[in-house]
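The structure appears right after this line, and notes come after that.
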Number of protein chains: 2
Amino acid sequence: MSFDEQILSDRKKLILKAIIEAHIKLGEPVGSKYLTQEMDIAYSSATIRNEMAELEELGYLEKPHTSAGRIPSELGYRFYVDSLVSQYDTKTKEAGELKKLLSFKMSEIDKILDNATKVASAMTNYTALSLRPRPSSITIKKYETVYIDSRSYLIIMIPQGVEAVKTKRVNLSFEITPEDVSALSKVLNLNLSGVNVDGINIHLMMSMNAQLKELIGSDDQIAEELVSSTVKSIYETMNELGSEIKFEGVNRLLEYPEYKNLDKLQKMISTIENKEDIIRAVSTIDQSDDDTKIFIGSENMVKIMDDSTLIYKNLKLNGKTIGAIGIIGPCRMDYSKVLSTIDQLSEEISKLSDLNALPSAKNEESDE
Amino acid sequence: MSFDEQILSDRKKLILKAIIEAHIKLGEPVGSKYLTQEMDIAYSSATIRNEMAELEELGYLEKPHTSAGRIPSELGYRFYVDSLVSQYDTKTKEAGELKKLLSFKMSEIDKILDNATKVASAMTNYTALSLRPRPSSITIKKYETVYIDSRSYLIIMIPQGVEAVKTKRVNLSFEITPEDVSALSKVLNLNLSGVNVDGINIHLMMSMNAQLKELIGSDDQIAEELVSSTVKSIYETMNELGSEIKFEGVNRLLEYPEYKNLDKLQKMISTIENKEDIIRAVSTIDQSDDDTKIFIGSENMVKIMDDSTLIYKNLKLNGKTIGAIGIIGPCRMDYSKVLSTIDQLSEEISKLSDLNALPSAKNEESDE
DNA sequence: TTTTAGCACTCTTTTTTGCCAAGTGCTAAA
DNA sequence: TTTAGCACTTGGCAAAAAAGAGTGCTAAAA
């Protein structure tokens, strides 16, 4: 390496470094003109071309073809890594965060879901997902309402600790006034800010009814229905916000020709990575529903997921729904196999209850 | 559904089912000719075409374009799932296996490695991997040797419990005879079958030397060197076989234009999924080496991984190497960032030792 | 009445062709 | 030693042409 350093003039090093860094940034061959214009190298393109020709001869650069710019060769990268790369700083402010992330512990249920997802993906050879609802971890800090028209309004919810602001349009079967809506906002903030999903009960709702009636002076009917349809939306939102979704085997998508089209693949993957859409799609399913659900193509699903099928089932442990597991793949998936896998998995999981799952006894860790 | 069933003649159902199943298998539009020839439908293609036209009118089939075959519509899939799909059997012989997989527990070290891999991938936006050596879990059931020429022979190792058979060619700096090699085989089976990596010690090797000398009657030198080079290969193989490798963030590859070429992407992903090649590439690295290793392009690496760089570092916990962590990405990766991430991670992990990692009070499985 | 063979037609896919832009290497001048 | 200028090469792209696949329809056969 020090041998290399002696051989290369400072100008060659400068140019080589510039080329490598430009190429790292752009991912494309770098031409002489680009270096003078964008990388502020104070030589003419001709001079740079000469230097580049020599660097190529020395093995540090390559040409994909005659009329392309240069790209670094492996030797070029090696030289860059060994002597040109700017010293990086080991200490960042995230170091503390890092420690937390590293020693992150999962709950027993999360582990079961994780394992189930992995197994499901491995057995079916499609992408698997698991949903873990945790709505009680979510509270709404502040509510706003916006009157849209006499039969609909918008709730804006600002959750505690989460960045996202959630809005939901509520359509009614009866007529309301802007005053009703602003009264509703007062009642919501008074009663539901800082309350989690478990805190919403009949008692609270009745009290909200009374307050709202007092504020708008209207009849029982309207106040009651306004409160109940609003609370329903809030409930749904908390469910959405409090859900965690995990995917396993995303790369298996690649095997199917429907995703050979890079556009579709990208779309699918970004849908998956966004998570939000999928959470919305699956978290509306009744949690106490025991059937296996099949969403084919656009049926009820997120628009982007046309051409894909989602098969989905709630998982029970000790009689309680702990989450759900699903398989995503092309519409033309092997339904028979997927259905049987999901059924088997959910059955085996429900059997886990008595054994080592929740009670967890004393010696937690026993290496398989 | 039962409505649908009444409307469709048996022949239509037969054809619809055949089309859907053919499409599920092939992923391409299905033409009338294919059905007669490959799916054994006993009508002429013209008849089938007529039926297909009607099925299309009813909404069960679609044409991507005039001159393509038919594909099932969403309604078609729905009908298939609801009434045509063959009953799947919930009980398979794997049910027992399943239970094991589901309640699979990870050791503390595995968790740390897992978390580290996730964090590394998230921070760098490349694919991360972790290697967990566990050679002591491996034993060789049976050894065979094959004489190649006077300076090399082949060891064939049949491991316990693993399907793979491993072969390794051993090159020597001295001359041997076929008889030497067959004697070696006897000694190996006598002393090393069922022994794991921890069981190989000086004492055992000396005893093997003595036995071999007795069998071939040659001088000290040859017996000793033959045993030592053989044991070295066996040692390496056990290391390879006993290593587990995990990947995280494979889909991040998609973001980089070098993998926009689906061929390259496929190659890369299948390399990753094969695992073997990568294990071989990284498990030869000296385990006690503390430096960050950088493999650029074809340097020392698996052939298929041209155009990609692997950055790799051993992780220590309580002064002991517990595994390794790495990043895979295009050659033009952001070296500075990756290097700093890996260094930070390894540093944080080594700091974990005093805290919650190993001591973990009573309930720890003693990990290796 | 139902089924089948045959053929014209449509639309996609693949191949071919020609052109343009990008970037180089070289020569001659500064 | 550096720079300007120009001929040359080559990949990428778009339009045009050719090839292939499968349909729908008509008319004959069962």
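Every value quoted in this text rests on a predicted model; they were computed, and no experiment measured them. All values below come from the heavy atoms of this structure, side chains included, with hydrogens, waters and symmetry mates left out.
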Contact class for B/Lys33 vs. all strands (heavy atom < 4.0 Å): base, sugar-phosphate, or nothing? nothing
Checking all strands, does B/Ala46 fall into the base, sugar-phosphate, or nothing category for heavy-atom contacts under 4.0 angstrom? base
Distance in angstrom units between B/Glu54 CD and D/dT23 C1', rounded: 15 Å
Are OP1 or OP2 of D/dT23 and a side-chain N or O of B/Thr66 less than 4.0 angstrom apart? no
If you compare every side-chain N and O of B/Arg70 against the phosphate oxygens of D/dA21 (OP1, OP2), does one of them come in below 4.0 Å? no
Is it the case that the side chains of A/Thr127 and A/Arg252 hold a donor-acceptor pair, with the cut-off being a distance below 3.5 Å and no angle test? no
Any idea how B/Tyr256 and B/Tyr126 line up, ring-wise: parallel (<30°), tilted (30 to 60°), or perpendicular (>60°)? parallel
Please determine which of A/Lys13, A/Lys12, A/Arg70 meets the salt bridge (Lys or Arg N to Asp or Glu O under 4.0 Å) test together with A/Glu51. A/Lys12
Measure from the side chain of A/Met52, starting at C-beta and using heavy atoms only, and say which of D/dT2, C/dT24, D/dT23 lies closest. C/dT24
Sole residue of A/Tyr80, A/Tyr77, A/Phe79 in ring-ring contact (aromatic ring centres under 6.0 Å, His included) with A/Tyr60: A/Phe79
Quick one: is B/Arg11 getting a side-chain N or O under 4.0 Å of the C/dT2 phosphate, OP1 or OP2? no
With both distances under 3.5 Å as the test, what is the Watson-Crick or G-U wobble partner of C/dA29? D/dT2
Do B/Tyr34 and B/Ser45 have side-chain atoms, one donor and one acceptor, less than 3.5 Å apart? no
Taking a pair to mean Watson-Crick or G-U wobble geometry with both distances below 3.5 Å, D/dA19 pairs with C/dT12
Within less than 4.0 Å of OP1 or OP2 of C/dT12, is there a side-chain N or O belonging to B/Ser67? no
May I ask you to say what A/Ser45 touches in the nucleic acid, namely base, sugar-phosphate or nothing, with a heavy-atom cut-off under 4.0 Å? nothing
Which nucleotide, if any, forms a Watson-Crick or G-U wobble pair with C/dT1, using both distances under 3.5 Å? D/dA30
Any side-chain N or O of A/Ser32 below 4.0 angstrom from OP1/OP2 of C/dT24? yes
Would you please confirm or rule out a distance under 4.0 Å between OP1 or OP2 of D/dG24 and any side-chain N or O of B/Lys63? yes
